[in-house]
Amino acid sequence: MMNNEEIEIKVLLNAIQLKYGYDFTQYADASLTRRIHKSLSDSGYKRISEMIPPLLYDKDFFNSFLNNLTVNVTEMYRDPPFFRSIREKVVPYLKTFPFIKVWSVGIATGEEVYSLAIMLKEEGLYDKALIYATDFNDTVLEIAQKGIYPAQSIKTSTRNYQKSGGKHSFATYYHADYDSVIFDRALKKNIVFANHNLATDGVFGEMNLILCRNVLIYFNRALQDRVLKLFHDSLRTNGFLCLGSRESIDFSTVAPAFVPVKKRLRIFQKKKGQIKELSDES
Amino acid sequence: MKVDFSAVVVGVSAGGFQALHTLLPMLPKAFPAPVIVVQHRMAGEDDYFVESLNSKSLVTVKEAEEKEEIRPGTAYIAPGGYHLLIEKDHTFSLSVDEPVCYARPSIDVLFETAARVYGSHLVGIILTGANNDGSNGIKTIKQGNGLTIAQDPETAEVNLMPQSAIATHCVDFILPLEDIPSFLTNLVEDNHGNF
Ligand SMILES: C[S@@+](CC[C@H](N)C(=O)[O-])C[C@H]1O[C@@H](n2cnc3c(N)ncnc32)[C@H](O)[C@@H]1O
């Protein structure tokens, strides 16, 4: 039997899906429930179900609800050793191609994409790269596209950049105002920002590298598996898949198609020949 | 006293290395509940801490993994840089939501999600620390009729965190650190007979 709160959450999520198309029904419960309670206490309503009418009739209310639900916390070069490892293990592979495609998934406010763009530039790969940068939340995509961040963040960003194996002075990549920093426009030249929902949308073909970090932790196993299949189908053979430092593919039906390159840092390479076997199984 | 509990959650901050090295090695191998620990720490400073605790304890000590099934006789430590949450199906999940009380992992987040799942079958413990994380969590556990314990601030390396928990008036027992393991095992023996 579901308790009242569970019923209210279920009805609320259905209402959002019917009205706006966002499907949260396969998200991990505990975090989703916590976020919904946060919106509830911010809103001043007493019951979760009381938020349904404003969600349906008040677009601003919905937008702030959505921004709270989709956790957009990020930073530049999150896990510096990960980015260092990309330089060491993945960049040499990328250098063997005349043209490369990279997909950065669930970019939140975009710090991850600029981190990547700077790294590709330093490695001489930027001019032959096309970077797809996607998220399903338009509010954060807009911020990402602007590339303007609060000045307080730059200290951590700089430290992380240096730890990640950065080769220059980080300050050459942005212009600082007194309260904000704006990243060099040239870094955006080969980035395509787009809305893409992992729960409902399809593949991006022929990628050499996919980064999807700290997004899968919010999903249940079924949705995680769907998304990992999507990544498998979007990658070229020998292409690389990178997950967040506590995410795994071991449980997934596509696990046999990947070999860990740096297991601890969640860097995997798609191998040839396994695809057929896999589709036979399923 | 009778409390039939299914899980123990522990929150600890400054001074935690020592405190956990006292607490966990005193638990019997077959401790019949999981012990789930948030120790404040940064992303990346993980391995040695968990390995050291594991080598000195009878219960298995490991880092909690995303979607892992929660088992008795095991102490789980939250990974640095992530909040640790409990799902209704008794598995873990992780999140990178903003820090709570400057901390990620946060004790409040663990305690609040654990209270939702285990209700009155939960024991929550606050140990040494220089922070007030965990105080809200203690309130939530009490509201769900769980049992709450704070380390006696006199015996804590840093007394702020247990003091702040006690100030909520939601703490049932104030105990010296060394007495907590036997207190827990007695609770269980009352319910399950000897084990
Ligand atoms: C915590 S952020 C991760 C940011 C960055 N990748 C990092 O590791 O720092 C998670 C992001 O995933 C996005 N997200 C959540 N569900 C999604 C979905 N179904 N499709 C696409 N993006 C999603 C959220 O909007 C949010 O921006």
Side-chain angles (χ1 to χ4, degrees), chain A residues 1-3 5-6 9 27-38 41 67-75 77-82 84 106 108 111-112 156 159-160 163-164 213-225 243-252 264-266, chain B residues 7 9 36 38 41-47 50-51 62-70 76-100 102-119 136-137 140 143-144:
Chain A
M1 276 279 278
M2 293 172 97
N3 63 34
E5 181 183 284
E6 289 164 348
I9 289 177
Y27 279 54
D29 263 340
S31 171
L32 199 65
T33 304
R34 182 169 173 266
R35 302 306 301 183
I36 292 174
H37 273 280
K38 170 130 199 331
S41 74
N67 288 336
N68 170 51
L69 209 56
T70 67
V71 177
N72 306 120
V73 181
T74 185
E75 60 186 56
Y77 297 96
R78 191 202 280 269
D79 310 322
F82 164 78
R84 180 183 285 275
E111 285 85 337
E112 177 179 286
T156 315
R159 200 173 48 227
N160 283 359
K163 282 200 236 161
S164 79
R213 311 190 65 225
N214 303 307
V215 181
L216 292 180
I217 42 174
Y218 293 99
F219 299 168
N220 71 15
R221 278 288 193 235
L223 184 54
Q224 288 181 346
D225 196 44
L243 305 178
S245 67
R246 293 298 190 285
E247 291 169 326
S248 96
I249 60 169
D250 292 342
F251 73 92
S252 153
R264 253 183 67 90
L265 298 171
R266 307 310 197 254
Chain B
V9 288
I36 307 163
V38 163
R41 57 195 179 140
M42 312 283 278
E45 48 168 283
D46 296 338
D47 289 348
V50 175
E51 276 161 25
K62 67 186 295 294
E63 189 180 289
E65 290 172 56
E66 198 247 344
K67 302 282 191 285
E68 177 175 7
E69 192 188 325
I70 301 170
Y76 299 93
I77 314 287
Y82 289 84
H83 291 306
L84 180 63
L85 300 85
I86 314 277
E87 297 286 344
K88 271 176 288 191
D89 62 359
H90 298 188
T91 60
F92 290 118
S93 59
L94 300 176
S95 93
V96 288
D97 297 23
E98 50 289 303
V100 174
Y102 308 100
R104 193 176 60 206
S106 143
I107 301 165
D108 282 339
V109 172
L110 172 68
F111 281 20
E112 284 162 13
T113 58
R116 202 172 280 283
V117 172
Y118 296 110
N136 284 328
T140 314
Q143 278 159 16

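In what follows, chains carry the letters A, B, and so on, assigned in the order in which the sequence lines appear, proteins first and then strands, with residues in each chain numbered from 1.
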Out of curiosity, [X] [atom1] to [Y] [atom2], how far, rounded to the nearest 0.5 Å?
X: B/E112; Y: A/T33; atom1: CD; atom2: OG1; result: 12.5 Å
X: A/N3; Y: B/K88; atom1: CG; atom2: NZ; result: 7.0 Å
X: B/K67; Y: A/I217; atom1: NZ; atom2: CD1; result: 8.5 Å
X: B/E98; Y: A/K38; atom1: CD; atom2: NZ; result: 6.5 Å
X: B/D108; Y: A/R34; atom1: CG; atom2: CZ; result: 9.0 Å

Q.
My understanding is that only residues two or more places apart in sequence, or in another chain, count here; which of them pass side-chain hydrogen bond (donor to acceptor under 3.5 Å, both in side chains) with A/H37?
A.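 A/H37 satisfies side-chain hydrogen bond (donor to acceptor under 3.5 Å, both in side chains) with A/E5 only.
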
Q) Most heavy-atom pairs under 4.5 angstrom with chain B, which of A/N214, A/D79, A/N72? A)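 Of the candidates given, the most pairs with chain B belong to A/N214.
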
Q. Of all heavy-atom pairs between B/E87 and A/A28, which one has the smallest distance, and what is that distance?
A.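 The answer is OE2-CB, 3.5 Å.
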
**Q.** Heavy-atom closest contact (B/G80 atom, A/R246 atom, distance)
**A.**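 In this case the closest contact between B/G80 and A/R246 is N-NH2, 4.5 Å.
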
Q | A/R221 and B/E66 ion-paired at < 4.0 Å | A |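 Looking at B/E66 together with A/R221, the answer is yes, because their closest N to O distance falls below 4.0 Å.
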
Q) Do the side chains of A/D29 and B/R116 get nearer than 4.5 Å, heavy atoms only? A)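 A side-chain contact is absent here, since even the closest heavy-atom pair is not under 4.5 Å.
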
**Q.** Chi angles and distances behind the side-chain contact (heavy atoms from CB on, under 4.5 Å) call for B/D97, A/R35
**A.** CA-CA 9 Å; B/D97 297 23; A/R35 302 306 301 183; 2.8 Å; yes

Q.
What part of B/S95 gets within 4.5 angstrom of chain A, counting heavy atoms only: side chain, backbone, both, or neither?
A.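 For B/S95, the contact with chain A is made by backbone and side chain together.
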
Q.
Please enumerate all residues that pass ring-ring contact (aromatic ring centres under 6.0 Å, His included) together with A/F219, with sequence neighbours excluded.
A.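 Here the qualifying residues are A/Y27.
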
